[in-house]
Enquirer: 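Can you keep this structure in mind? I'll have questions shortly.
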Amino acid sequence: MEEMTLETLIAVFEEIFGAGLFWAMVAAAVVITLGWIYVLVRDRSLGMRQFLVAQLFMPVGAVLAVWFVMVMTDSQMSDIGGPVDVIVFLGIAVMGAVGGAILVYTVERLVFRRSGQGSTLGVK
């Protein structure tokens with residue numbers, strides 16, 4: 001692999017996760033992102049309480065992302081060998097944290113929002 005292209009990355013991810021699971025994850029990411037954009041456009045602002053709750057779930061998202069990748073690659077913490085592995089490991093955690101926060105915020109605003117109220121706690 002002399003060049004890193006989009007096609008190469010897709011092939012690597014399909015090999016790691018399997019084609020079906022990889023494309024299902026891509027579709028889920030697109031749906032969640034579109035839901036988040038819809039919520040932002042609909043509400044024209046961020047719900048600060050929901051945003052705080054979403055941020056509290058960031059460590060959960062980071063841990064779940066790292067766990068998922070380690071299970072899929074049949075790896076253990078002892079397999080981390082060098083700086084590049086640590087950078088990839090931290091990148092997975094950051095993406096999981098951000099993705100988890102976006103997911104929680106979107107679900108909160110779409111599912112648990114009652115008309116005229118800003119949160120499930122009844123606080124605007």
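Below, each value reflects all heavy atoms present in this structure, side chains not excepted, and no hydrogens, waters or symmetry copies. These numbers were taken from a predicted model, which means no experiment stands behind them.
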Enquirer: Does the T8 side chain pair with the main chain of M4, one donor and one acceptor, at a distance under 3.5 Å?
Expert: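 Checked: no pair found.
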Enquirer: What distance do F17 atom CZ and F68 atom CZ have between them, rounded to the nearest 0.5 Å?
Expert: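 The CZ atom of F68 is 5.5 Å from CZ of F17, to the nearest 0.5 Å.
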Enquirer: So do R109 and F51 actually touch side chain to side chain, heavy atoms under 4.5 Å?
Expert: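 No, side chains not in contact.
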Enquirer: Find the distance between CD1 (I10) and CZ (F13) and round it off to the nearest 0.5 Å.
Expert: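 Nearest 0.5 Å value for the CD1-CZ distance: 9.5 Å.
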Enquirer: Considering all heavy atoms of both residues, which atom of A62 and which atom of A93 are nearest to each other, and what is their separation?
Expert: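 Closest pair (atom of A62, atom of A93, distance): CB-O, 3.3 Å.
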Enquirer: So how far is it from L46 CG to L52 CG, rounded to the nearest 0.5 Å?
Expert: 12.0 Å
Enquirer: Before you tell me yes or no, could you show the steps for Q55 and Y105 under side-chain contact (heavy atoms from CB on, under 4.5 Å), namely the whole-Å CA-CA distance, both residues' side-chain angles and the distance that decides it to 0.1 Å?
Expert: CA-CA 9 Å; Q55 287 179 344; Y105 180 82; over 6 Å; no
Enquirer: With a 4.5 Å cut-off on side-chain heavy-atom distances among I, L, V, M, F, W and Y, is there a chain of contacts connecting V98 to V31?
Expert: no
Enquirer: Out of curiosity, does L56 fall in the hydrophobic cluster containing L103 (side-chain heavy atoms, cut-off under 4.5 Å, transitive links)?
Expert: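 No; tracing contacts between hydrophobic side chains, which count when under 4.5 Å, never links both residues.
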Enquirer: If you define the side chain from C-beta out and look only at heavy atoms, does anything of V69 sit under 4.5 Å from F89?
Expert: no
Enquirer: Within a strict 4.5 Å, meaning less than it, do heavy atoms of the I80 and V86 side chains meet?
Expert: yes
Enquirer: Starting from M95, can I reach V84 by hopping between I/L/V/M/F/W/Y residues whose side chains sit under 4.5 Å apart?
Expert: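 They do not share one cluster, since no chain of ILVMFWY contacts under 4.5 Å joins V84 to M95.
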Enquirer: So, applying side chain to side chain contact (heavy atoms under 4.5 Å, CB included) with W36, which one of L34, V39, L40 is it?
Expert: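 Testing each of L34, V39, L40 against W36, the sole residue satisfying side chain to side chain contact (heavy atoms under 4.5 Å, CB included) is L40.
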Enquirer: I'd like to know whether CZ of F57 has more than 12 heavy-atom contacts from other residues, nucleotides or ligands below 6.0 angstrom.
Expert: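 No, because the 6.0 Å sphere around CZ of F57 holds 12 heavy atoms or fewer from other groups.
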Enquirer: Between I16 and T73, does a side-chain contact (heavy atoms from CB on, under 4.5 Å) hold up when you go through it step by step?
Expert: CA-CA 6 Å; I16 291 172; T73 59; 3.7 Å; yes
Enquirer: Within this structure, what is the CD1-CZ distance for the pair I37 and R42, rounded to the nearest 0.5 Å?
Expert: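 The distance works out to 14.0 Å.
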Enquirer: So which atom in A65 and which in G96 form the shortest heavy-atom distance, rounded to 0.1 Å?
Expert: CB-CA, 3.6 Å
Enquirer: To the closest 0.5 Å, what do you measure between CE (M72) and CE (M25)?
Expert: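 M72 CE to M25 CE: 7.0 Å, rounded to 0.5 Å.
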Enquirer: Should V60 and V94 be regarded as members of a common hydrophobic cluster, given that ILVMFWY residues are connected when their side-chain heavy atoms come within less than 4.5 Å of each other, either directly or indirectly?
Expert: no
Enquirer: Do you reckon I32 sits in the same ILVMFWY cluster as Y38, going by side-chain contacts under 4.5 Å, direct or chained?
Expert: yes
Enquirer: Starting at CG of D74, measure out to CG of D79 and round the result to the nearest 0.5 Å.
Expert: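 So the CG of D74 and the CG of D79 are separated by 8.5 Å.
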Enquirer: Find out whether M70 and M77 are in side-chain contact, i.e. whether some heavy atom of one side chain is under 4.5 Å from a heavy atom of the other.
Expert: yes
